[in-house]
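What follows is a single structure, written as structure tokens, with notes after it.
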Amino acid sequence: DLEPLDKCVSFNGGQNEQGIFQANKAIIQIKMPNAICNRVTFMWMAFNGATALEYFSMPKAKFNLVTGIEKTNLTLFYNCSSLTYLDIRNATFDNLVNTNNFALGCTSLVDLFVPNSSTLQKSITFKDSPLSYDSMIRVADWLKNLTGDTAQTVTFKAATYNALTSEQKATLQNIIVTQKGWNLATA
């Protein structure tokens with residue numbers, strides 16, 4: 001069993017973590033159960049192309065992107081094709097302009113733990129990820145209520161969404177479309 005990485009790595013103090021593990025083909029698991037990540041200013045492509053990465057857990061991390069970064073593009077896990085488990089449940093992404101590449105290319109992602117704080121306000125796609133139903137519900141809970149504002153779109157993998165029961169689809173439709181004012185798409 002691996003030791004938690006937060007014993008030897010610190011992401012505190014206004015750092016730029018751009019591409020920190022980008023294209024790393026050796027890392028399989030990252031466990032940082034106590035990492036806080038205060039004031040990380042730029043996480044663009046931090047794990048992009050880390051194709052061996054299967055498990056990423058930072059349940060207490062607060063990727064607190066510093067105010068003023070207006071064009072932050074969340075490509076944290078872009079092309080992490082082996083990633084099956086992702087836990088960033090306490091992350092905050094307040095300044096994001098584009099979240100569509102967040103999990104693009106994550107063709108194995110099933111278990112996703114995202115903030116349940118209803119803060120995500122930009123379109124996001126999971127069109128490559130075979131998310132579990134529970135993960136889809138967590139994504140729905142993450143969405144900010146945009147009723148009366150310009151609707152954004154959450155996209156799920158068509159095969160995964162189509163395999164849900166009619167009751168599960170209705171629940172997702174109710175949360176995403178009716179309650180939160182988003183578009184629900186499949187691809």
Please round to the nearest 0.5 Å and tell me the distance separating atom [atom1] of [X] and atom [atom2] of [Y].
| X | Y | atom1 | atom2 | value |
| --- | --- | --- | --- | --- |
| Ile176 | Gln152 | CD1 | CD | 13.5 Å |
| Cys106 | Asn79 | SG | CG | 7.5 Å |
| Ile28 | Leu83 | CD1 | CG | 12.5 Å |
| Lys157 | Met136 | NZ | CE | 10.0 Å |
| Lys144 | Leu120 | NZ | CG | 10.5 Å |

Parallel, tilted or perpendicular, as decided by the 30° and 60° cut-offs, for the rings of Phe156 and Phe126: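 Phe126 and Phe156: parallel rings.
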
Can you get from [X] to [Y] by hopping between Ile, Leu, Val, Met, Phe, Trp and Tyr side chains that sit under 4.5 Å apart?
| X | Y | answer |
| --- | --- | --- |
| Tyr133 | Leu184 | yes |
| Leu143 | Ile175 | yes |
| Tyr55 | Phe102 | no |

Enclosure of Lys169 NZ (heavy-atom neighbours >12, cutoff 6.0 Å):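 Counting other residues, nucleotides and ligands, NZ of Lys169 exceeds 12 neighbours.
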
Where is the tightest heavy-atom contact between [X] and [Y], given as atom of each residue plus distance?
| X | Y | answer |
| --- | --- | --- |
| Val139 | Leu112 | CG2-CD2, 3.7 Å |
| Ser118 | Asp141 | OG-O, 3.1 Å |
| Ser108 | Ser81 | OG-O, 2.8 Å |
| Val110 | Ser135 | O-OG, 2.8 Å |
| Leu53 | Cys80 | CD2-SG, 4.4 Å |
| Ile137 | Thr171 | CD1-CG2, 3.9 Å |

Evaluation steps, side chain to side chain contact (heavy atoms under 4.5 Å, CB included), between Leu131 and Leu109: CA-CA 6 Å; Leu131 295 178; Leu109 184 59; 3.9 Å; yes

Working for side chain to side chain contact (heavy atoms under 4.5 Å, CB included), residues Asp149 and Gln121: CA-CA 10 Å; Asp149 293 329; Gln121 53 190 330; over 6 Å; no

Sub-4.5 Å side-chain heavy-atom contact between Gln173 and Thr178: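 They are not in contact (no side-chain heavy atoms under 4.5 Å apart), so the answer is no.
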
Does [X] use its side chain to pair, donor to acceptor, with the backbone of [Y] at less than 3.5 Å?
| X | Y | value |
| --- | --- | --- |
| Thr107 | Asp128 | no |
| Ser82 | Glu54 | no |
| Asp111 | Phe113 | no |
| Lys127 | Ala187 | no |
| Thr153 | Ser123 | no |

Steps toward side chain to side chain contact (heavy atoms under 4.5 Å, CB included) verdict (Leu172, Leu164): CA-CA 10 Å; Leu172 284 169; Leu164 298 175; 3.6 Å; yes

Derivation of the side chain to side chain contact (heavy atoms under 4.5 Å, CB included) call for Trp142 and Thr119: CA-CA 6 Å; Trp142 187 22; Thr119 57; 3.8 Å; yes

Test item: side-chain donor near acceptor, Asp134 and Ser132, under 3.5 Å: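 Distance-only check fails for Asp134 and Ser132.
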
